[in-house]
Each structure stands twice: as C-alpha cells, then as structure tokens.
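A short worksheet on the structure shown next.
Computation of the quantities below employed the complete heavy-atom set of this structure, encompassing side-chain atoms and omitting hydrogens, waters and symmetry-equivalent molecules. Everything quoted here is computed from the prediction, not taken from an experiment.
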Amino acid sequence: MDTSHKPWWKRVHLRYTVANIGLPLFVLYHAPNIAFQEKTRIWTFVYVLATGFSVTAGYHRLWSHQSYKACLPLRMFFAAVGAGALQLPIRMWAADHRAHHRFTDTDRDPYNSKKGLWHSHIGWVLTYDSTRLGKGEGIDMSDLDRDAVVVWQRRIYYPLAGFMAFVFPACVAGYLWGDWAGGFLYAGCLRVVIVWHMSHCINSLAHWAGHQPYSARNTSRNHALLAVLTLGEGYHNYHHAFPRDYRNGPQWFDFDPTKWWIYLLEVVGLVWDLKRFRVGAAQAKKNSSSLQG
C-alpha cells in the first residue's frame, strides 16, 4: 500500500529509524570504555574499504548498472561482504537506484533531492516504503532475477548481513589479537555507520554541492572532495550522464579508487566487458542539451 500521501510521522519505518539513530548512539555510549587499539583501527579501515568497495563496485556499478561482468567468486565476495554494509539486499538496493536514475528529482525518485538535503540524505531511509519497489515503476529487474548470486543473497540476507556486519569483524579482531569488544564496536558498529553515510552522501551532497560539466538537466553534480569521501562516487554529474560507464571519474587523474580497483580486476582476469564512454562524447551531450534547452 502506497503511504506517500501520509504525513511523515505516520510513515516512519520503526526498524530503520531505531537502527540509524540507535547504532551511532550505541557507539558513542560505549566508546569511552573500550580502547580503540592500533590493530583494530587498521582492521576497521580495511573493513570499511572492503564493505565500501562491495557497495560501489558491486551493488552499484556491477549490479545496478551492469557496467562490467564479473566471475562467480568475485560476485560471491561482493554479495557476502556487501551484506555487511547493512544496505538491504542487492535487488532492493538496485531497484531503488534504478528508480533514482529513471525518475531523477521527481516524486518517483526514492531519494528525491527536490524534497531537501535531509530527505535525500537519510529521511528517505527513515520513511522507507519497500512496497513500491519495481511495482508499476517501469523498472526492469529481470536481469537480477536471473542472477543466482543475487537470488542467493536475498534468500539468506538477514543472517548473512548480521554475521558479516558484526560477528565476522569481532571474530577477526578477537581471534587474531584478543580485542573482541573493540572488533565488535569499531570494526562492526562504527564501520557500519561510516559506510552508511558514505553512501548517503551520494544521494544528498552529490545533488547539492559541486558543478555540472556534463548535464544540467537534473541536480547531479561533480565534487572532487566528495569523491575522496566516497571511494570515487563523487563525479555524480558524469555518472548521471553515462550511468553504464564503469568509471565515475572518466579522466585518468580523477580520484576514483573504485574504477582503479575494477581496472586491476580486469588486468588479472576476474572482470571483463568494461563499459567506457569517451569524455568528448559526454561534453557533446552537454552542448546538445544546452542548445535544445
């Protein structure tokens, strides 16, 4: 049932609201009593990168946009480790994101920037309505429904996500250097919050701050600093112009570690069929749009 007509306080998704508010408060409450050991700091950073890349290279560029093809072991890795980011199953994430690209800046855009920075950053999560996904929205999900890895992850998502988000990072820190509590609090809970807001920034700040060198038809923007904070996802204006390009930053000097990671995977033969568009074509598209406007 569509709940979009109801006032926001009647549309609050209780579980997601408790998680998004409660988890940061949980970390703040326990942090003064649990030391952040050096090895745990390194492990937290490594696991931020692992789960972050599983979202940017896996959930986003591989599955949402089919920007390249990947071998089965790599897809299994992205699905398993990506579940540890606690951003819902691949199919639901991709359905939202494809709707965002198809209906950018409209009421059918899940994180519509026209509703304000708060809504596009986290408000849409707190009022999440999963009943709309792929229903009458013109979003084709048949490719993901045929993907055995996507189907597998969706079937066991919640136990898998709980294990990869909290149990696995605690076990690594606990078994290897005896820091069970730190592994759980920092590599588990704190890391989840960090990766959440890395992704949220693309939905919000990338439609609010920066410039539009490729298209002014929507609110998407490029911002180099945002790219640093989001593993390369900050070149959002280019991404909206050419969503199937495996790169967000098309120039060699653009800070896009996700594209570098995908390129290295191509070199060693784990991925192939990388989609690339010429920067000159993107500029021509911007000029054409300006003339038509």
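- What you find for Phe77 and Ser54 is that their closest heavy atoms are CE2-OG, 3.9 Å.
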task: Decide yes or no on side chain to side chain contact (heavy atoms under 4.5 Å, CB included) for Thr40 and Trp177, but give the supporting numbers first.
output: CA-CA 9 Å; Thr40 304; Trp177 55 90; 3.0 Å; yes
Arg221 and His236: CA distance, side-chain angles, deciding distance, side chain to side chain contact (heavy atoms under 4.5 Å, CB included) verdict: CA-CA 5 Å; Arg221 284 166 163 73; His236 208 54; 5.9 Å; no
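- Of the listed residues (Tyr128, Trp208, Trp124), just one forms a ring-ring contact (aromatic ring centres under 6.0 Å, His included) with Tyr111, and that residue is Trp124.
- Separation of atoms CG (Leu190) and CZ (Arg41) is listed at 12.5 Å; rounding is to 0.5 Å.
- Closest heavy-atom contact between Val195 and Ala85: CG1-CB, 4.0 Å.
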task: Could you please spell out the steps behind the salt bridge (charged side-chain N to carboxylate O under 4.0 Å, His left out) verdict for Arg98 and Asp140?
output: CA-CA 9 Å; Arg98 290 180 181 184; Asp140 182 9; 5.9 Å; no
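- One finds the CZ atom of Arg61 at 6.0 Å from the OG1 atom of Thr56 (value rounded to the nearest 0.5 Å).
- Nearest approach of Ala165 to Val192, heavy atoms of both residues: CB-CG2, 4.2 Å.
- Within 6.0 Å of CH2 in Trp260 there are more than 12 heavy atoms belonging to other residues, nucleotides or ligands.
- Using a 4.5 Å heavy-atom cutoff, the side chains of Lys115 and Asp109 are not in contact.
- In this structure, the side chains of Asn222 and Tyr214 come closer than 4.5 Å at one or more pairs of heavy atoms.
- Remark: aromatic rings of His197 and His121 are close, center separation under 6.0 Å.
- Take Ala227 and apply the side-chain contact (heavy atoms from CB on, under 4.5 Å) test, not counting sequence neighbours, and it matches Tyr235.
- Every side-chain contact (heavy atoms from CB on, under 4.5 Å) that Ala70 has, sequence neighbours left out, goes to Leu62, Tyr68, Leu74, Arg75, Val271.
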Atom pairs and distances, side-chain donor-acceptor, residues 17-31, under 3.5 Å, sequence neighbours left out:
| unit_1 | atom_1 | unit_2 | atom_2 | d |
| --- | --- | --- | --- | --- |
| Thr17 | OG1 | His13 | O | 2.8 |
| Thr17 | OG1 | Leu126 | O | 3.4 |
| Asn20 | ND2 | Tyr16 | O | 2.8 |

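- Taking the side chain as every heavy atom from C-beta outward, Gln87 and Val55 approach each other to under 4.5 Å.
- Listed by chain and residue number, His60, Ser67, His97, His101, His239, Pro243 satisfy the side-chain contact (heavy atoms from CB on, under 4.5 Å) test with His65 (two or more places apart in sequence, or in another chain).
- With salt bridges taken as basic N to acidic carboxylate O contacts below 4.0 Å, one links Asp145 and Arg91.
- In the hydrophobic cluster analysis, where Ile, Leu, Val, Met, Phe, Trp and Tyr join through side-chain heavy atoms closer than 4.5 angstrom, Trp196 is grouped apart from Leu117.
- When side chains are defined from C-beta on, Phe166 counts as touching Phe184, because their heavy atoms get closer than 4.5 Å.
- In the hydrophobic clustering of this structure, Val81 does not group with Val151; members are Ile, Leu, Val, Met, Phe, Trp, Tyr whose side-chain heavy atoms approach within less than 4.5 Å, directly or through other members.
- Using a 4.5 Å cut-off between side-chain heavy atoms of Ile, Leu, Val, Met, Phe, Trp and Tyr, with links allowed through other members, Leu225 and Ile194 fall into different hydrophobic clusters.
- A donor-acceptor contact closer than 3.5 angstrom links the side chains of Asp105 and Ser113.
- Take Lys275 and apply the salt bridge (Lys or Arg N to Asp or Glu O under 4.0 Å) test, not counting sequence neighbours, and it matches Asp273.
- Partners of Arg276 under the side-chain contact (heavy atoms from CB on, under 4.5 Å) rule, at least two apart in sequence or in another chain, are Tyr246, Arg247, Tyr263, Glu266, Leu274.
- Side chains of Cys71 and Trp272 form a contact here, defined as non-hydrogen atoms less than 4.5 Å apart.
- His240 has its side chain out of reach of Thr219: every pair of non-hydrogen atoms, C-beta onward, lies at least 4.5 Å apart.
- Residues Ile202 and Trp118 do not share a hydrophobic cluster, clusters being chains of Ile/Leu/Val/Met/Phe/Trp/Tyr side chains in contact below 4.5 Å.
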- request: Any chance you could lay out the side chain to side chain contact (heavy atoms under 4.5 Å, CB included) test for Tyr238 and Ser215, step after step, and finish with the verdict?
  value: CA-CA 8 Å; Tyr238 178 84; Ser215 174; over 6 Å; no
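- Leu49 has its side chain within reach of Leu231: a pair of non-hydrogen atoms, C-beta onward, lies under 4.5 Å apart.
- Using modelled atom types, one finds a donor on one side chain and an acceptor on the other under 3.5 Å when comparing Ser220 with Asn237.
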task: Under the side chain to side chain contact (heavy atoms under 4.5 Å, CB included) rule, what do Trp63 and Trp93 come out as? Steps first, then yes or no, please.
output: CA-CA 9 Å; Trp63 279 300; Trp93 200 103; over 6 Å; no
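- With hydrophobic clusters built from ILVMFWY side chains whose heavy atoms lie under 4.5 angstrom apart, Met164 shares a cluster with Val167.
- Lys259 contributes atom NZ, which lies 8.0 Å from atom CD of Gln251 (distance to the nearest 0.5 angstrom).
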